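All values derive from a computational prediction rather than experimental measurement. Any value given below was found using the heavy atoms of this structure, including those in side chains, with hydrogens, waters and symmetry copies removed. Ligands are counted one by one from 1 in listed order, and the atoms in each one are counted from 1 as well.
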Amino acid sequence: MIIRATVLDTPDDPFAGGVLRAEDDCGILVEQAGVIGERGPFASVRADHPEEEVVDLRDGVLLPGLVDTHVHFPQVRVIGGLGMPLLDWLDECALPEEVRLRDVDYAREVARDFMTGLVDAGTTTALVFGSHFAGAVDAMFEAADRWGLRITAGLVTSDRILPDPLLTTPERAYEETAGLAARWHGKGRLRYAVTPRFSLSASEGILEACAASLAALDGAWFTSHVNENLREIAEVGALFDGASYVDSYDRFGLLTVRSLLAHNVHPTDAELATLAARGSAVAHCPTSNAALGSGLFPLRRHVESGVHVALGSDVGAGTGFSMLKEGLQAYFLQRLLGEQGMPLTSTHLLWLATGAGARALGLAEEIGDLSVGKQLDAVWVTPEAGDPLAVGLANARCAEDALSKVFALGTTSDVGGVWVGGEPITARGGPSRTGREPVGIRRS
Ligand code: GUN
Ligand code: ZN
């Protein structure tokens, strides 16, 4: 297959001098295993491969598949619970819903809603917070495998503070983790992530079990929450003898290059130095931070400390699956921070939503941009004729301006097709809402 499109991607980190790569009428040859074999002016790729099927995506722009580095599978049905800070929102919205996932049939329905949400938004890779119930985590991995998404996820573990049905013991957490990882870690595009909910709800015993699980699982990831809300941070300090939130994980050896912590809205300089020294990354979740009133993310301090940052939707505290919306919200926040903020261009936003996530998840060799040798993971943003985004793209001053319009105006209804490893995956199947012929196949 040769894809013919206007292609925008960020092969190099713009925080380190990388620039937007933009090619009009670009041809991308996708080979058997979903690998990009050739890329260049369409006419020349076509001339090299006159027999190949051509998929014409010239209407709109083609971006690398979007990467969501922090999203909660069991919370898809509670998106939009506004007006509460973190701990109240957990008690009133998130945790009662998470208890419902002990019913595996219910969990399967939620898993379908969740995959639909990801694909509809053009997200092809995600680090997913699973469920406290192993059966529900199996249901999520089953769905992810069927849909063909790149998912890293695991059993969420806790042994205090949460409602009883969500609690476990270190022994049970270790056993269930081992079973889930044996079934899913390394299967197709799936990987396992050891996932204590947060050190507020995880005793030393659970964190020790997490360390044991990581030691037993080659190439597994570690994820949790950190420094999200001031009340939460004070309570963690009290539970861990005044240790910092980052140290509550680091003292168990949980922070490495395969660790990614969500939020980090209120870090100390010492915590940033620890994260940089360990090579651990942070998932910035802008709509969640705004919706819960968690605080103003200090992106500049992260970048200056050498801590890698990517974007997360944090569904369901975040207000939807769209990584375009997260990018725009990140931009707004840095503008509003004035001198403390980090001015972001649309190139930074695309990087944060693609290459930065791929790097944070150790997948930069395979995905994150549309270079030769990488997997074809892509999203086609194609607004309906007359839509303000279509008008904006037609009148863009330059490629970076066109990309700004994608972030400012793009929504899930502009997603006309999604590919993972060269395979078309669309959530809606049949003719798209825009009335165009479908370019994907239904995977559910
Ligand atoms: N901290 C612990 N659990 C959660 C959660 O579900 N959402 C958010 N935003 N923060 C958390
Ligand atoms: Zn979260």
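- Annotation: side chain of Pro196 is in contact with side chain of Leu207 (closest heavy-atom distance under 4.5 Å).
- Ligand 1 has at least one atom lying under 4.0 Å from a heavy atom of Trp89.
- Residue Thr319 forms a side chain to side chain donor-acceptor pair (under 3.5 Å) with just one option from Glu326, Lys325, Gln329, and that option is Lys325.
- In His70, the N, O or S atom that comes nearest to the Zn ion (ligand 2) is NE2.
- Each of the atoms 8 (C), 9 (N) of ligand 1 lies under 4.0 Å from some heavy atom of Asp314.
- Proximity of Leu200 to ligand 1, defined as any heavy-atom pair under 4.0 Å, is not found for any part of the residue.
- Seen from the ring of Tyr106, Arg77 counts as a face-on cation partner, given the 6.0 Å and 45° thresholds.
- Residue Phe198 qualifies as enclosed at atom CZ: its count of foreign heavy atoms under 6.0 Å is above 12.
- Taking a 6.0 Å sphere around CZ of Arg160, one finds it holds more than 12 heavy atoms contributed by other residues, nucleotides or ligands.
- At a 3.5 angstrom cut-off on N or O pairs, Glu98 does not count as close to ligand 1.
- Regarding atom 10 (N) of ligand 1, its nearest protein heavy-atom neighbour is Glu228 OE1, 2.7 Å.
- Under 2.8 Å from the Zn ion (ligand 2) lies an N/O/S atom of His72, whether from backbone or side chain.
- The Zn ion (ligand 2) is the vertex of the angle joining NE2 of His225 and OD1 of Asp314, which measures 170° to the nearest 10°.
- Between Arg300 and Met342, the shortest heavy-atom distance links the atoms CA-SD, 3.7 Å.
- Close contacts between ligand 1 and His263 involve ligand atoms 9 (N) [criterion: under 4.0 Å to a heavy atom].
- Nearest non-hydrogen protein atom to atom 6 (O) of ligand 1 is Arg197 NH2, 2.6 Å.
- A tilted orientation is assigned to the rings of Phe129 and His225, their planes being inclined by 30° to 60°.
- Side-chain contact, Asn229 with His263: no donor N or O sits under 3.5 Å from an acceptor N or O.
- Residue-ligand proximity: Glu232 is placed with every non-hydrogen atom at 4.0 Å or more from ligand 1.
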